[in-house]
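Positions are given from 1 along the sequence. Heavy atoms only: backbone and side chains are in, while hydrogens, waters and symmetry mates are out.
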Amino acid sequence: MHLDKRFEVRASPEVCRSILLEDEILIELFPDADNEIVGRSGTRKTVRSRYRALGQEGEATFHFDTQPDGGVRFSKVCDGRVWKRLEGEVALETRGQGTRVTLALDGSTKAFVPEFTIRAPMKDQLEQMADALYRRMESAG
């Protein structure tokens, strides 16, 4: 499954890169969960997210790796219940005086979890993540 969302902000790519380095933005990416940064190593930050989805409570761990170009790649530590693999990226591209931001999610579910059952919640998650990034980056521009 692949989902992506693009938007443009007035902030420069340099400002957007600095925002992606902020601890607070990682917490804001998952607004419906209790999040905390639980590890740091080089360019990696690890976030633990406690959430409620599909009527069940759960805990997810994500690794966020800052890329040399200022973007961020992230991956979920899959527990084997729903996802075999879930990865994503926040990419930045100069657009005039501002920046085009692309947020992408790529994943595959376990064999017994049809992708159509998780697509709508993932679209909602992608929208929440994009909204958090947009609000923060646009306010800085």
Q: Ring-plane angle category for Y134 and F7, please: parallel below 30°, perpendicular beyond 60°, tilted otherwise.
A: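 The arrangement is perpendicular - the two ring planes meet at more than 60°.
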
Q: Would you say the side chain of R6 lies within less than 4.5 Å of the side chain of V101, judging by non-hydrogen atoms?
A: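 Heavy-atom side-chain distance check fails, nothing below 4.5 Å.
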
Q: Output yes when a side-chain donor or acceptor of N35 lies under 3.5 Å from a complementary backbone atom of I27, and no otherwise.
A: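 Checking the backbone N and O of I27 against the side chain of N35, a donor-acceptor pair under 3.5 Å is found.
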
Q: Should the pair K76-E87 be classified as a salt bridge under the 4.0 Å nitrogen-to-oxygen rule?
A: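 A salt bridge is absent here (no side-chain N lies under 4.0 Å from a carboxylate O).
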
Q: Using every non-hydrogen atom in the two residues, find where C16 and L92 come nearest and quote the distance to one decimal.
A: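 Closest heavy-atom pair between C16 and L92: CB-CD1, 3.9 Å.
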
Q: In Å, rounded to the nearest 0.5 Å, how long is the span from CZ of R95 to CZ of R100?
A: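 So the CZ of R95 and the CZ of R100 are separated by 3.5 Å.
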
Q: R135: which residues meet the salt bridge (Lys or Arg N to Asp or Glu O under 4.0 Å) condition with it, sequence neighbours left out?
A: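 In terms of salt bridge (Lys or Arg N to Asp or Glu O under 4.0 Å), with neighbours along the sequence ignored, R135 is linked to D131.
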
Q: Taking NZ, NE, NH1 and NH2 as the nitrogens, is one of them in D65 or R44 under 4.0 Å from a carboxylate oxygen of the other?
A: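 Looking at R44 together with D65, the answer is yes, because their closest N to O distance falls below 4.0 Å.
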
Q: Answer whether the closest heavy-atom distance between the side chains of L3 and M1 falls below 4.5 Å.
A: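 Result yes, sub-4.5 Å side-chain heavy-atom pair found.
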
Q: Report the C-alpha separation of I25 and L133 in whole Å, then their side-chain angles, then the decisive distance to 0.1 Å, and conclude whether the side-chain contact (heavy atoms from CB on, under 4.5 Å) test is met.
A: CA-CA 7 Å; I25 197 64; L133 286 170; 3.7 Å; yes

Q: Do you know which two heavy atoms are closest between P13 and T94, and how far apart they sit?
A: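 The answer is CG-OG1, 3.2 Å.
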
Q: Distance check, rounded to the nearest 0.5 Å: D4 atom CG versus D106 atom CG?
A: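 Atom-to-atom, D4:CG and D106:CG are 8.5 Å apart.
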
Q: Are F64 and T43 packed together at the side-chain level, in the sense that at least one heavy-atom pair is separated by less than 4.5 angstrom?
A: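 No. Closest side-chain heavy atoms not under 4.5 Å.
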
Q: Would you kindly confirm whether I19 and I37 end up in one hydrophobic cluster when ILVMFWY residues are joined by side chain heavy atoms under 4.5 Å apart?
A: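 In one cluster with I19: I37, yes.
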
Q: With the threshold set at 4.0 Å, does a side-chain nitrogen-carboxylate oxygen contact exist between E22 and R136?
A: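 Yes, E22 and R136 are salt-bridged.
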
Q: Working to the nearest 0.5 Å, report the span between CD1 of I118 and NZ of K123.
A: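 It comes to 13.0 Å.
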
Q: What are the two closest non-hydrogen atoms of E115 and T109, and how far apart are they?
A: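 Nearest pair, atom of E115 first, then T109: CG-OG1, 3.5 Å.
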
Q: Between the side chain of Q125 and the main-chain N/O of A120, is any donor-acceptor distance below 3.5 Å?
A: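 Checking the backbone N and O of A120 against the side chain of Q125, no donor-acceptor pair under 3.5 Å is found.
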
Q: Hydrogens and angles aside, do T46 and H63 bring a side-chain donor and acceptor to less than 3.5 Å of each other?
A: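 There is such a pair (donor and acceptor under 3.5 Å, judged by atom type) between the side chains of T46 and H63.
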
Q: With P114, which residues qualify under side-chain contact (heavy atoms from CB on, under 4.5 Å), at least two apart?
A: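 Testing P114 for side-chain contact (heavy atoms from CB on, under 4.5 Å), a comparison that skips the adjacent residues, returns F116, T117.
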
Q: Provide the closest heavy-atom pair for V15 versus A140 in the form atom of the first, atom of the second, distance.
A: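 Here V15 and A140 meet closest at CG1-CB, 3.7 Å.
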
Q: Tell me whether the count of non-hydrogen atoms from other residues, nucleotides or ligands lying under 6.0 Å of CZ in R119 goes above 12.
A: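 Yes, enclosed.
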
Q: Give, for atom CZ of R17 and atom OG of S12, the distance between the pair rounded to the nearest 0.5 Å.
A: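 Answer rounded to 0.5 Å: 8.0 Å.
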
Q: Does the pair E57/R50 count as a salt bridge with the N-to-O cut at 4.0 Å?
A: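 Result for this pair is no, no salt bridge flagged.
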
Q: Can you find a heavy atom in the side chain of M129 that is under 4.5 Å from one in the side chain of V90?
A: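 They are not in contact (no side-chain heavy atoms under 4.5 Å apart), so the answer is no.
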
Q: Determine whether M122 and W83 make a side-chain contact, defined as any pair of heavy atoms from C-beta on separated by less than 4.5 Å.
A: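 Side chain of M122 against side chain of W83, heavy atoms only: contact under 4.5 Å found.
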
Q: Within a strict 4.5 Å, meaning less than it, do heavy atoms of the D23 and K45 side chains meet?
A: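 Yes, side chains in contact.
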
Q: Could you tell me whether a side-chain N or O of E89 sits under 3.5 Å from a main-chain N or O of L103, the two making a donor and an acceptor?
A: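 No: the side chain of E89 does not pair with the backbone of L103.
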
Q: Heavy atoms, side chains only, cut-off 4.5 Å: are S49 and D34 in contact?
A: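 Result no, sub-4.5 Å side-chain heavy-atom pair not found.
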
Q: Measure the shortest side-chain to side-chain distance between F74 and L86 over non-hydrogen atoms and say whether it is less than 4.5 angstrom.
A: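 Answer no - side chains too far apart.
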
Q: Say you draw a straight line from CD of E93 to OG1 of T102; how long is it, rounded to the nearest 0.5 Å?
A: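 Between atom CD of E93 and atom OG1 of T102 there are 6.5 Å.
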
